[in-house]
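To start, the structure under review is shown below, and the notes come after it.
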Amino acid sequence: MNHQNATAPDLRARLGGSALDVAPSLLGAHLTHSTDDGDVTVRITEVEAYLGPDDPGSHAFRGRTARNATMFGPAGHLYVYFTYGMHYCANIVCGDEGWATGLLLRAGEVVDGAGLARDRRSHPATDLDLARGPARLAQALGLDRRKDGADVLADPFRLVLPDLPATAVLRGPRVGVSGVAGTEEYPWRFWLPDEPTVSRYRPGKPRAARKVDP
DNA sequence: TGGTTGATGAACT
DNA sequence: GTTCATCAACCAG
């Protein structure tokens with residue numbers, strides 16, 4: 001079912017388009033990070049697309065900086081950034097060099113190395129919570145700023161894409177993105193149906209507008 | 001040079 | 001539902 005032997009150039013070509021087009025190929029993919037402590041493999045269940053300098057929700061919106069330089073590089077590399085003073089989040093860069101389009105890994109299911117992933121997460125959680133949420137996913141895989149720029153198609157990483165892009169993909173507004181870029185006008189979050197690991201920041205019905213006291 | 005704000009998650013009330 | 005941990009970019013001056 002999986003392209004166990006796909007070559008790095010093949011894989012990089014599949015990542016070479018717009019993040020919007022690549023998203024269905026990344027859903028269900030397996031990403032492995034090997035370290036001295038062991039391997040952790042995550043099956044990706046939720047991603048968010050960022051489209052580069054024209055996307056007001058993207059870190060690349062105001063051009064290239066030292067932090068986001070990786071996003072402007074070639075596809076298949078990791079853009080890891082630090083935020084809120086304590087969290088790391090990881091993207092897989094898509095598109096051609098200079099485009100700065102990529103996919104934020106929002107959630108996944110730990111399919112191998114759950115023990116190591118639990119050790120990395122200071123607060124014990126159920127296995128389903130190990131990589132539920134972008135910062136938790138990055139922590140479970142052992143990613144930090146030192147991994148920024150790493151090639152996920154080369155040692156110590158391994159990326160296995162499904163043969164065919166996922167079909168029943170759901171999409172909706174991005175999470176935590178302020179302004180219009182986080183609304184229905186930019187439905188650039190993609191996830192697999194019936195996955196308990198998908199973060200649920202918008203449960204049930206949309207919030208009723210709160211009454212404001214004048 | 002200094003103030004503000006995040007592509008968040010955990011622990012509260 | 002709200003607060004807080006805590007830092008690198010960004011913007012105003």
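Just so it is clear, the structure is predicted and the values come from calculations on it, not from any experiment. Sequence lines set the chain letters: A, B, ... in the order given, protein chains first and strands last, and positions in each chain run from 1.
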Among side-chain atoms of [X] and [Y], is any donor-acceptor pair under 3.5 angstrom?
{"X": "A/Asp10", "Y": "A/Thr7", "answer": "yes"}
{"X": "A/Asp39", "Y": "A/Ser34", "answer": "yes"}
{"X": "A/Ser18", "Y": "A/Thr101", "answer": "no"}

Mind pulling the stems DNA chain C is in, i.e. runs of at least three Watson-Crick or G-U pairs, everything under 3.5 Å?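 Stem list for DNA chain C: B:1-6 with C:7-12, B:8-12 with C:1-5.
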
Look at the side chain of A/Tyr81 against the base of C/dA8 and say whether a donor-acceptor pair falls under 3.5 Å; ignore hydrogens and angles.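 Absent.
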
Nearest to the side chain of [X], which nucleotide is it out of [options]?
{"X": "A/Arg145", "options": "C/dA9, B/dG6, B/dA7", "result": "C/dA9"}
{"X": "A/His87", "options": "B/dT8, C/dA8, B/dA10", "result": "B/dT8"}
{"X": "A/Val177", "options": "B/dA7, B/dT8, C/dC7", "result": "B/dA7"}

side-chain hydrogen bond (donor to acceptor under 3.5 Å, both in side chains) between A/Arg121 and A/Gln139: does it pass, once the steps are laid out? CA-CA 7 Å; A/Arg121 311 230 322 106; A/Gln139 192 178 9; 3.2 Å; yes

In whole angstrom, give me the gap between the P atoms of C/dT3 and B/dT5.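 It works out to 16 Å between them.
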
Quick one, which residues of residues 57-70 of chain A touch DNA chain C with a heavy atom under 4.0 Å?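 Hits under 4.0 Å, by residue number: A/Arg62, A/Thr65, A/Arg67.
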
Which part of the nucleic acid does A/Tyr84 contact within heavy-atom distance under 4.0 Å: base, sugar-phosphate only, or nothing?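 The residue A/Tyr84 makes base contact.
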
